[in-house]
Novice: 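Would you mind keeping the following structure in view while I ask a few things?
Here is how names work: the chains are called A, B, and so on, in the same order as the sequence lines, proteins then strands, and each is numbered from 1.
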Protein chains: 2
Amino acid sequence: MHACHQHEKMCVSLVPIFNHLETEQMAEIMKTAKSGTFKRGEIIYHAGDKSDSLYILNKGKIRIYRLSESGKEQLVRILHPGDFTGELALFKEETHESYAEAIAMTQICMINRTDLQELLLKYPSISIKILTEFSNRLEEAERQTTRFATEKAETRIAVFLAECLEDQGQFNMLELPMSKKDLASYLGTTPETISRKLADLQHKGYIRQISNKKIEVLDLDGMLLI
Amino acid sequence: MHACHQHEKMCVSLVPIFNHLETEQMAEIMKTAKSGTFKRGEIIYHAGDKSDSLYILNKGKIRIYRLSESGKEQLVRILHPGDFTGELALFKEETHESYAEAIAMTQICMINRTDLQELLLKYPSISIKILTEFSNRLEEAERQTTRFATEKAETRIAVFLAECLEDQGQFNMLELPMSKKDLASYLGTTPETISRKLADLQHKGYIRQISNKKIEVLDLDGMLLI
DNA sequence: CGACAGGTTGACCGTTATCAAAGATCGTGG
DNA sequence: CCACGATCTTTGATAACGGTCAACCTGTCG
């Protein structure tokens, strides 16, 4: 673990929290940050760990998942460079409830709790950035909860495809951002159901499966009316 | 709509956001706050409304619910005095995704977006309070999502009863905090299923239904092992 | 007292989980 | 860079879970 040296990298990785700050403030933040690397399969933090850092992903991919009361795993999200995690437990003196696992060679920057809180008090505008980010996450989490509560698996899958399409801005071609096993865990279903429902959607003419991860959407509106 | 006059009420209603501030700062905040009252059934905000206030509940009860993509309603939470809402859209220049409906004679205080952001920049400690609150809500929302994703209805109901018991600290007697219809909506199921599963739990000897809303828990651990 | 919303119960059926087995894909180490 | 093993994916058969519809019951409030 050593301080982050490359400003370019920091600029990338700290989007969207710190990118509105002046260079000198950035330098100050960089001084307080540590970096670390993890190999595929390594756990960055466990549920139950006392949490004391904000982790900002520089390079690689991280899988965030939770275990339910009965021990079943659910994928919460996948982090890409520039995303951060660990923020939840930063503001409550408690422990993580989720697991963070590197799923590729991964490099992260870490800012510990006390340093971050000092930064927040010193540069209140950072707070507003984080609040904004939290708002979005909360809205997203509640939307997701409502979907689970009210939609069946087929609809959840269709909505997920629609969101992929929107995110990737690729007209009518999309690439699944994770394995179907992970997708099943993310959508609260099983890999078998994902397979079958995609086959159904294809049968009905809404999509065409090009390859394992590539899907062409033929009738977005029709698909969403299911 | 008129300024909030009674400091006592403010102190109550602004817990837990502002209660660490000095009296004079409190006075400043009170100057910027407006108050309003709503009758049972009145809507405080609609999904789609441009949101521009933080609402702090003084007196009464508010039902927060969302509509899914396909138009089904889900109860997100019920607010009690001291709780706040409207915070989400405050940090993104967008609109509400949820509905807030008074379910009793209700009195609220409102702080508008620009005033609040000024307060945040002036008193960074408020940000940390709100961040803490957001963290808790986010954790809660993600835990709820995981439950929907991985547990069946019976387990969700059992876990809900366990949480009621914990919240109410009443040893082994609990009172449902909402109608079974609302509970069904909150737990992503139907009133029929709630009825049946409670009857099942009673049959298996885990609970005893005293009256419509009162339940005695006979074997908490057993119930949670379902 | 009657009306109405909420709650319960039964019968039935659609959706999806589960188990099993075969086929495809990926990552790793030689 | 290729080949092998591990993991992921697909498909089929089956069963469980819970949603829906309908009828009836209950309590509440004018």
Side-chain angles (χ1 to χ4, degrees), chain A residues 39-42 60-61 63 68 70-75 78 101-106 147-158 160 175-204 207-215 226, chain B residues 40-41 63 68 70-75 101 103-104 147-158 160 175-204 207-215 226:
Chain A
K39 287 202 282 279
R40 174 184 171 80
E42 288 187 315
K61 265 190 186 184
R63 239 167 64 95
S68 71
S70 63
K72 265 167 269 173
E73 178 181 318
Q74 196 221 354
L75 181 66
I78 289 186
E101 174 195 358
I103 51 175
M105 184 52 104
T106 282
R147 255 175 222 160
F148 279 117
T150 61
E151 312 285 14
K152 42 187 192 177
E154 182 167 38
T155 310
R156 298 202 300 272
I157 294 169
F160 181 84
E175 184 141 357
L176 296 178
M178 56 186 109
S179 72
K180 286 176 187 169
K181 184 175 182 270
D182 279 348
L183 183 56
S185 165
Y186 181 71
L187 293 179
T189 182
T190 59
E192 292 94 326
T193 297
I194 298 277
S195 262
R196 282 191 248 270
K197 294 305 177 185
L198 286 180
D200 283 359
L201 290 174
Q202 176 158 344
H203 240 112
K204 293 177 192 159
I207 66 171
R208 197 163 62 92
Q209 303 187 64
I210 310 289
S211 67
N212 187 13
K213 291 238 164 64
K214 273 215 180 74
I215 294 177
I226 298 174
Chain B
R40 175 184 169 81
R63 237 168 64 94
S68 70
S70 63
K72 265 167 270 174
E73 180 183 316
Q74 195 220 355
L75 180 66
E101 174 195 356
I103 52 176
R147 255 174 222 160
F148 279 116
T150 61
E151 312 286 14
K152 38 187 193 178
E154 183 167 36
T155 310
R156 299 202 300 273
I157 294 171
F160 180 84
E175 185 141 356
L176 296 178
M178 56 185 108
S179 71
K180 287 177 186 168
K181 186 172 180 272
D182 278 347
L183 183 56
S185 166
Y186 181 70
L187 293 179
T189 181
T190 59
E192 292 95 325
T193 297
I194 299 276
S195 263
R196 281 191 250 269
K197 293 305 179 185
L198 287 179
D200 283 359
L201 290 174
Q202 177 159 342
H203 240 112
K204 292 178 194 161
I207 65 171
R208 197 162 63 89
Q209 303 186 65
I210 310 288
S211 67
N212 188 10
K213 292 238 163 64
K214 275 214 179 77
I215 294 177
I226 297 174

Novice: Nearest whole angstrom, please: distance from the P of D/dT28 to the NZ of B/Lys180.
Specialist: 13 Å
Novice: Heavy atoms within less than 4.0 Å of DNA chain C: which residues of residues 194-203 of chain A have one? Give them sorted by number.
Specialist: A/Arg196, A/Lys197
Novice: Just the rounded figure in Å: distance from P of D/dG27 to NZ of B/Lys213.
Specialist: 13 Å
Novice: Which is true for A/Gly41 with a 4.0 Å heavy-atom rule: it touches a base, it touches only sugar-phosphate, or it touches nothing?
Specialist: nothing
Novice: Among D/dC8, C/dT8, C/dT15, find the nucleotide with the atom closest to the side chain of A/Lys152.
Specialist: C/dT15
Novice: Of the listed nucleotides (D/dT9, C/dT18, C/dG7), which one gets closest to any side-chain atom of A/Thr190?
Specialist: C/dT18
Novice: According to a strict under-4.0 Å criterion, is A/Thr189 in side-chain N/O contact with OP1 or OP2 of C/dA17?
Specialist: yes
Novice: In whole Å, what is the span from the CG atom of B/Asp182 to the P atom of C/dA5?
Specialist: 15 Å
Novice: Counting only heavy atoms not in B/Lys180, do more than 12 fall under 6.0 Å of its NZ?
Specialist: yes
Novice: Whole angstroms only, please: what is the CG-C1' distance between B/Leu176 and D/dG27?
Specialist: 16 Å
Novice: Is the shortest side-chain heavy-atom distance between A/Arg147 and A/Leu187 below 4.5 Å?
Specialist: no
Novice: Is any side-chain N or O of A/Glu192 under 3.5 Å from a base N or O of C/dC19, one able to act as donor and the other as acceptor?
Specialist: yes
Novice: Under a 4.5 Å cut-off applied to non-hydrogen side-chain atoms, are A/Lys197 and A/Thr189 in contact?
Specialist: no
Novice: Taking B/Gln202 for the side chain and B/Gln209 for the main chain, is one N or O donor matched with an acceptor at less than 3.5 Å?
Specialist: yes
Novice: So, is A/Thr193 near the phosphate of C/dT16, with a side-chain N or O under 4.0 Å from OP1 or OP2?
Specialist: no
Novice: On DNA chain C, nearest-nucleotide positions of A/Glu154 versus A/Asn212: which is more 5'?
Specialist: A/Glu154
Novice: Check this for me, if you would: do A/Glu101 and A/Arg63 make a salt bridge, where the nitrogen-to-carboxylate-oxygen distance has to be below 4.0 angstrom?
Specialist: yes
Novice: Grab the NZ-P distance between A/Lys181 and C/dG23 for me, whole Å please.
Specialist: 22 Å
Novice: Which heavy atom of A/Phe160 sits nearest a heavy atom of A/Leu176, and at what distance?
Specialist: CE2-CD2, 4.3 Å
Novice: Report the distance from atom CZ of A/Arg40 to atom P of C/dG29, rounded to the nearest whole Å.
Specialist: 11 Å
Novice: Give the rounded distance in Å between these two atoms: CD1 of A/Ile210 and C1' of C/dT25.
Specialist: 18 Å
Novice: Rounded off to whole Å, could you give me the CZ-to-P distance for the A/Phe148 and C/dT16 pair?
Specialist: 13 Å
Novice: Looking at every non-hydrogen atom in both residues, tell me the closest pair between A/Ile78 and A/Met178 and how far apart they are.
Specialist: CD1-CB, 3.8 Å
